[in-house]
Structure formats: C-alpha cells, structure tokens
Amino acid sequence: MKKVITTCPYCGTGCGFYLVVDDEGKLIGVEPAGEHVVAQGQLCVKGWNAHHFVNHPDRLTQPLIRKDGKLEPASWDEALGLIAEKLKDIQARHGNDAVAFFSSAKTTNEENYLMMKLARAVFKTNSVDHCARLCHSSTVLGLAATFGSGAMTNSISCMEQADCILVTGSNTPEQHPLIGTRIINNVKKNGAKLIVADNRRIRLARIADMHIRCKNGTDVAFLNGLMNVIISQGLEDKKFIETRTENYDELKKIVADYPPEKAAEICGITPDEIIEAARMFAAADKAMIVYSMGITQHTHGVDNVKSCANLAMLTGNVGLPGTGVNPLRGQNNVQGACDMGALPNVYSGYQKVTDPAAREKFEKAWGVENLPAEVGHTVTTAINAAAEGELKALYILGENPMMSDPDQNHVREALERLEFVIVQDIFPTPTSEFADVILPAACYAEKDGTFTSTERRVQRVRKAVEPVGQARSDWEILCDLAKRCGYDGMQYGSPSDIMDEIAAVTPIYGGISYDRIDKVGLQWPCLDKEHPGTSVLHAGKFSRGLGMFMPAEYTPSVELPCEEYPFVLSTGRCYFHFHTGTMTRRSRLLDREERFPYFELHPDDAKELGIGERQWAFVTTRRGEVKAMARVTDVVVKGVLFMPFHFEEGPANRLTINALDPVAKIPEYKVCAAKIRSAS
Ligand SMILES: Nc1nc2c(c(=O)[nH]1)N[C@H]1C(S)=C(S)[C@@H](COP(=O)(O)OP(=O)(O)OC[C@H]3O[C@@H](n4cnc5c(=O)[nH]c(N)nc54)[C@H](O)[C@@H]3O)O[C@H]1N2
Ligand SMILES: Nc1nc2c(c(=O)[nH]1)N[C@H]1C(S)=C(S)[C@@H](COP(=O)(O)OP(=O)(O)OC[C@H]3O[C@@H](n4cnc5c(=O)[nH]c(N)nc54)[C@H](O)[C@@H]3O)O[C@H]1N2
Ligand code: SF4
Ligand SMILES: [Mo]
C-alpha cells in the first residue's frame with residue numbers, strides 16, 4: 001500500500017489528508033493527517049469520503065464530439081483540432097469577445113493560470129471568470145476598496161484567539177466544518193463570546209451568547225445599527241480611526257441615521273438586541289468578523305462587505321491575531337483561482353488589465369503583443385450576453401452553470417443559443433448536455449498541482465493514481481490546445497515549472513515554489529524566496545495605505561414577498577452535499593444521508609398550509625416550479641423557506657432570480673419571493 005499526502009477537493013478550509021492506494025494502483029481510501037496544520041488529524045464527512053467519486057463508472061473517459069445532434073467518441077487530436085478551428089473561426093466572424101472562458105475553482109492554481117493565459121495570450125479576450133463571481137466577488141471588490149486586498153485578513157488559527165466572534169451569514173459547522181470546530185473550541189474552552197447573525201438556527205446558534213435573527217437582506221441596516229450604538233456610546237477605537245483610517249466623518253454621518261430603533265424595525269428584531277450586540281463586540285479586546293454567503297449573495301453584497309469592514313475598523317480590529325474580517329472562501333481553490341487572475345479585470349496577483357504597465361509586463365513575459373485592454377465578461381454577464389445572441393462560444397472548464405447560475409430557464413436559453421460550447425469536466429453534467437465538445441479531465445487524485453485555501457495558504461495536491469481512461473490533466477489539455485492554436489509559450493515539463501512562471505510574474509506568490517511548500521503550505525503574500533509568508537494582513541498598515549471607511553445606506557432586496565408569493569426563498573447548502581452534487585451525489589455514503597431535494601419550512605407555516613414533515617410540495621416563483629420534500633423545522637423563521645441547490649431533480653436555481661449586484665455582478669441567491677402548495 002502507498003499513502004500520498006494531498007489537499008481536500010471540497011471546501012476552502014484546505015484540510016490535508018492521505019490518499020491510500022493498494023498494490024494494484026487502485027485508490028481505496030482516505031486517512032487523516034495528524035501533522036497537517038489545519039486538519040490536525042481530523043476531517044469532516046466529505047473529506048473522509050473524498051476518494052469515492054474518483055472511480056465512479058460515470059467518469060468521462062474519452063473526448064466526445066457532437067455529430068448530427070449526438071455525442072460520439074473522438075480522439076484527442078480530433079477534439080482539440082475542432083476546438084482550435086471553431087474558436088478561431090467564430091472570432092474571425094464576430095470579434096474576439098464573442099468567445100468567453102469559464103475557469104474552475106475546483107482545479108489547481110497552475111490550471112487557472114493557464115486558462116487565463118490561454119484566454120488572454122492566445123484568444124486575446126479578457127472574458128475569463130469563474131464561480132467566485134457567484135460567491136465572493138462582492139468580497140473581492142468590497143475589501144479591496146476598503147482595505148486594499150480582497151482576501152481573508154487573518155488565519156484559521158486566529159479563530160481560537162478571538163475574544164468575541166461575530167459569525168454572520170456563514171453556516172460554519174456545516175460548510176467549513178474544521179473552521180467551525182475551531183470556533184466551537186474557542187467558545188467552550190476559552191469562553192470567547194459568540195454572536196450569530198443568521199435567521200436560521202444553525203448549529204453555532206445553540207452555543208452562541210446571542211443569536212440574532214434579522215430578516216434576510218437587512219444586514220446593512222443591522223451593521224449600521226451596531227456602529228450607531230458604538231459611536232453614540234463612545235465605544236469606538238479613536239486611536240485606530242485617527243492613525244490608520246480615512247473618511248471617518250462620512251461613516252459617522254451615514255450611520256447617525258440608523259439609531260437602534262430604526263435599524264431594528266428594518267431588521268425585524270428588537271433595539272435591545274442591537275445595543276447588546278454592539279456592546280459585546282466593542283467591549284472585546286480582540287473581536288473578529290466571520291462571514292460567508294449570507295453577506296455576499298445579494299444585490300447589495302458589496303455594501304454588506306464594506307459594512308463589515310467599517311465595523312472592524314471602527315473598533316480597531318484589523319491587523320492583529322484574533323481579529324479581522326474573515327470571508328470564508330468556499331471552493332477548495334477559489335482563493336487561488338482569483339489569485340491566478342481567472343477574473344475579467346486582472347492578471348495573476350490582481351494586476352489590472354487596464355493598466356498599460358501590467359499589460360506590457362505580461363506581453364513581455366508571455367512573448368505576445370496587443371493583450372486586450374478592456375475588462376471582459378463575468379460569468380453572469382456572459383450568460384446574459386449569450387441569451388441575447390452577442391456571445392457565440394463558451395469554454396466551460398470545471399463549472400456547472402445549468403445548476404449553479406441563477407434562473408435555470410434563462411441559462412438554458414443562453415446555452416442553447418450559443419454556436420459552440422466546450423465542456424471540460426470529470427463527469428457528465430446538466431451543462432454538458434449542451435456541449436458540442438466534451439473533454440475528459442483528470443481529477444484531483446490523478447494530478448499534481450496546488451490549491452490555495454481560504455487562509456491564503458498555498459498547498460500541494462499530489463497525484464496518487466493514474467487518470468481514468470483517456471482523461472488528461474486540465475493543464476496538459478490547455479497546453480496542447482495552445483500549441484494547436486500556434487502559440488509556443490505554453491509548454492511545461494510539469495506543474496512545478498508552471499508555478500515557477502507564476503512566481504516570476506506574481507509578486508504575492510513571488511516566493512512560492514514546490515520545494516518550499518513540500519511539507520507545509522505558505523500563506524501569501526510571500527514576496528521572495530526568504531519570505532516566511534503572512535498570517536495576518538494589514539498589520540501596522542493597510543494594503544492600500546490607510547483603511548477607507550465606505551459607509552452604505554440600506555437598500556431592500558429586489559424581489560420581496562407579496563400577496564401572491566408570500567414567502568422569502570433563501571437558497572444555500574447542506575453538510576453532506578457539495579454544490580451541484582456532481583461529486584457528492586456519486587458518493588454512496590454521502591448520498592444516502594440526503595437523497596431528495598428538500599426545503600425547510602417553519603412549523604406554523606406548515607400547519608397553516610396543511611403540509612406535513614417529509615411531504616412533497618411544489619415551490620413556485622415567478623421563474624419556475626420545483627417539487628421538493630418539506631422539512632418542517634424551526635431552524636427557519638416563519639415566512640422563510642430554505643432550499644439547498646444540490647439536486648438535479650429539484651434544482652433550486654430554477655426558482656432563483658437573475659438580479660445582480662451592480663458592481664460585483666453577484667446574483668441575489670439569498671432572497672426571492674415564493675409560494676408553496678402541497679403535491680399530494
Ligand atoms: N457541505 C458543503 N460545504 C461547502 C459547500 C457545499 O456546497 N457543501 N460549498 C462551499 C462554498 S463554494 C461556499 S461559498 C461556502 C458557503 O458557505 P455558507 O455561506 O456558510 O453557506 P450557505 O448555506 O450558502 O449560507 C450560509 C448562511 O447564510 C444565511 N443567510 C441567508 N441570507 C442571509 C442574510 O441576508 N443575512 C445573513 N446574515 N445571513 C443570511 C443562511 O441562513 C445560511 O445559514 O461553503 C463551502 N462549503
Ligand atoms: N441557488 C444558489 N446557487 C448557487 C449558490 C447558492 O448559494 N444558491 N452558490 C454559488 C456558489 S457560492 C458557488 S461557488 C457556485 C458553484 O458553482 P459551480 O462551480 O458551477 O459548481 P460545482 O458543482 O462546484 O461545479 C464544479 C464542476 O467541476 C467539476 N470538476 C471537479 N474537479 C474537476 C477537475 O479537476 N477538472 C475539471 N475540469 N472539472 C472538475 C465537477 O464535476 C463540477 O461539474 O454555485 C453558486 N450557485
Ligand atoms: S472541512 Fe472542508 S477541506 Fe476539511 S475535510 Fe471537510 S470539506 Fe475537506
Ligand atoms: Mo462558493
């Protein structure tokens with residue numbers, strides 16, 4: 001037997017574990033790694049079962065090309081040749097921006113770097129993006145504007161050092177289980193104060209000092225209310241404000257308009273809750289904010305994020321261990337996909353495509369001319385452009401937009417209208433049904449590379465077994481395609497060589513190399529070969545110099561309940577499944593735990609509608625209808641339905657609204673209006 005240490009392919013916590021391989025080279029299990037900095041010998045149920053899907057019979061094993069409407073097996077040669085020819089032809093007829101690229105937070109840093117290099121250097125478009133758009137694009141913009149860097153300010157170990165933690169819109173124990181454990185430890189062992197702001201009674205709420213159940217979409221009012229109390233009671237950190245920030249007067253002016261009574265009224269809570277929470281947070285020596293999708297996935301997601309940043313600066317809680325603004329990044333490598341520039345406005349290391357000096361630098365490094373200067377399409381605007389007939393071709397690497405983008409009927413229309421669709425995945429998906437070419441990719445266990453976790457830790461992914469069938473690593477596929485398009489600048493011996501190129505052109509990764517991260521990953525910024533990495537950002541000085549207060553006014557969500565659609569539908573996830581279910585639903589043990597599409601419904605609402613526990617019901621919005629099973633539970637408040645988006649047979653995104661934050665272009669997944677009726 002062989003044991004290979006690698007990084008979990010599910011969430012951004014970044015746990016390390018061993019893949020166990022038998023004498024015949026077959027993957028047989030997962031073993032925890034006691035020495036791993038984050039996992040410390042523990043894993044959540046997904047990590048423990050992360051080997052299951054690798055050898056599932058549904059794996060894509062050969063390239064497929066659509067001929068007369070049917071997908072037929074093809075050689076790699078034929079498939080890549082067709083892609084090169086088609087994309088070039090479409091660009092010749094409709095311009096470079098008629099083609100867009102979706103990169104993947106499931107794949108490695110090296111692969112994301114190559115995807116954005118392919119889009120920019122070979123196809124001369126900045127239309128490259130990935131699921132961070134649907135996830136933390138509001139964070140990347142909101143924290144870059146206020147602090148100068150869009151990443152989690154602190155480290156996972158800081159969760160055990162804070163004196164008070166405000167967890168808002170993050171179901172940490174289910175979605176980032178090993179981070180949830182750290183928070184629970186801190187509360188139970190050290191007596192840290194815990195404030196949970198989430199109207200669902202998530203597991204953390206049971207041990208919280210305060211559980212605050214605001215209406216969905218009212219976080220700006222809540223956070224402004226907290227800041228109003230802190231300022232009016234003189235609890236702000238005057239020295240920090242004076243020496244480290246700017247624009248404080250503007251903040252003072254705006255939050256003055258949110259006295260606890262008014263904020264509480266908007267949020268549907270009591271003024272006392274706001275006053276008590278404000279005092280608790282401000283009184284702590286080291287206070288930390290932890291947030292995730294409950295904050296970001298709104299049409300005012302950027303305002304929510306800025307408000308979190310404002311609260312942290314107001315109380316002097318940035319730049320020290322146990323403090324900070326900590327957006328928990330979702331996918332295993334979504335931090336890395338952003339760092340690598342799989343975004344329409346930046347190259348790797350957040351170097352702007354609109355900056356002539358940055359373009360010149362990458363032109364030189366890549367040996368090309370005329371890199372495009374305009375910001376490209378995002379995931380969400382690319383789908384809109386496809387529906388309108390402006391975008392003609394889409395290369396989808398490791399994403400499943402038919403299941404993950406808002407308003408499925410709209411996505412279907414978009415995918416149908418495209419002239420040419422390429423899907424590169426490890427499994428067939430509802431998205432690949434629209435593909436003209438499908439390329440079979442090797443999965444995490446079958447290739448080398450790196451993932452960057454939520455705490456900015458760059459860690460190794462190691463090959464344990466050979467790819468199934470003719471599947472190939474994403475990086476090899478991308479390099480081969482670049483060559484077929486006549487570009488010689490994308491030939492590498494191994495992923496390690498790709499990382500060397502990344503380090504050479506990306507200052508925050510400047511000191512990263514495979515030999516340095518062999519045992520323990522490094523946290524960026526890691527500027528050169530001697531740099532030890534950075535566990536806390538903005539210590540002594542913000543990345544942008546001074547921290548910028550950016551106050552926001554409360555704006556309601558776009559589609560609120562009405563007489564016809566009386567419920568708020570809020571969507572999200574459960575513990576056992578991951579996203580669109582391509583991997584977890586193919587894991588026997590995980591799928592056994594949650595087998596049917598479901599929604600949570602408050603007991604009073606259930607009684608009124610005559611819907612019992614585990615009864616099937618139709619959930620309907622202005623976009624469509626889904627049949628799902630009712631879970632009658634007071635985890636949700638009255639008037640709110642919560643539905644995970646993991647189930648193909650009951651897709652929550654058939655219901656969601658395609659309304660976007662004006663700057664971040666993130667969809668409003670957490671609020672739309674719905675009605676329900678019994679299906680029996
Ligand atoms: N098991 C599992 N783990 C995962 C994932 C998965 O699919 N499955 N996905 C990964 C990814 S990519 C991500 S991004 C993360 C997401 O992790 P989370 O953000 O923790 O997960 P969600 O279920 O989307 O939403 C979290 C909470 O936000 C609350 N919420 C909804 N609306 C509001 C609001 O208006 N304000 C506030 N304050 N709270 C609100 C919901 O009630 C919910 O409990 O999880 C990662 N980890
Ligand atoms: N209603 C609703 N919708 C949501 C959300 C929500 O809260 N509510 N959350 C949003 C969020 S936060 C996110 S991050 C997105 C996620 O949206 P997606 O990224 O579209 O969802 P995944 O299921 O993670 O898709 C990843 C794909 O990559 C494939 N894959 C895995 N490993 C590899 C590999 O090594 N190579 C290749 N080529 N492919 C691979 C998988 O099989 C899968 O098809 O969903 C968003 N959608
Ligand atoms: S917490 Fe996240 S990274 Fe750790 S084992 Fe679970 S899914 Fe994997
Ligand atoms: Mo995400």
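For this chain, numbers begin at 1 and follow the sequence in order. Whatever order the structure lists ligands and atoms in, that order sets their numbers, starting from 1.
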Practice prompt. Quick one: do Thr107 and Trp475 satisfy side chain to side chain contact (heavy atoms under 4.5 Å, CB included)? Show the steps, please.
Written response: CA-CA 9 Å; Thr107 64; Trp475 69 269; over 6 Å; no

Discussion item. Does Thr571 form a side chain to side chain contact (heavy atoms under 4.5 Å, CB included) with Leu569? I'd like the steps, not just the answer.
Written reply: CA-CA 7 Å; Thr571 62; Leu569 173 70; 4.3 Å; yes

Discussion item. Given a heavy-atom cut-off of 4.0 Å, could you list the residues near ligand 2 in chain and number order?
Written reply: Lys106, Thr107, Cys131, Leu134, Cys135, Met293, Gln297, Gln331, Gly398, Glu399, Asn400, Ser404, Gln424, Asp425, Ile426, Thr429, Ala441, Ala442, Cys443, Lys447, Asp474, Thr571, Gly572, Arg573, His579, Thr580, Thr582, Met583, Phe645, Asn653, Thr656, Tyr669, Lys670

Worksheet item: So which protein N/O/S atoms does atom 4 (Fe) of ligand 3 have within less than 2.8 Å?
Response: Cys15 SG

Fill in: Pairing of Arg412 and Glu433 as salt bridge, 4.0 angstrom limit
no

Fill in: Leu134 vs Tyr669, side chain to side chain contact (heavy atoms under 4.5 Å, CB included): CA-CA, chis, key distance, verdict
CA-CA 9 Å; Leu134 314 171; Tyr669 287 126; 3.5 Å; yes

Practice prompt. Kindly indicate, with the supporting measurements, whether the criterion side chain to side chain contact (heavy atoms under 4.5 Å, CB included) is fulfilled by Cys214 and Asn199.
Written response: CA-CA 6 Å; Cys214 295; Asn199 62 25; 6.0 Å; no

Worksheet item: Looking at Phe17, Tyr575, Phe578, Phe576, which hits ring-ring contact (aromatic ring centres under 6.0 Å, His included) with Tyr10?
Response: Phe578

Worksheet item: Looking only at atom types and distance, does a side-chain atom of Arg462 sit under 3.5 Å from a main-chain N or O of Ile5, one as donor and one as acceptor?
Response: yes

Practice prompt. State, without any angle test, whether His410 and Asn384 hold a side-chain donor-acceptor pair at a distance under 3.5 Å.
Written response: yes

Discussion item. Under a 4.0 Å threshold between the charged nitrogen and the carboxylate oxygen, would Lys665 count as salt-bridged to Asp129?
Written reply: no

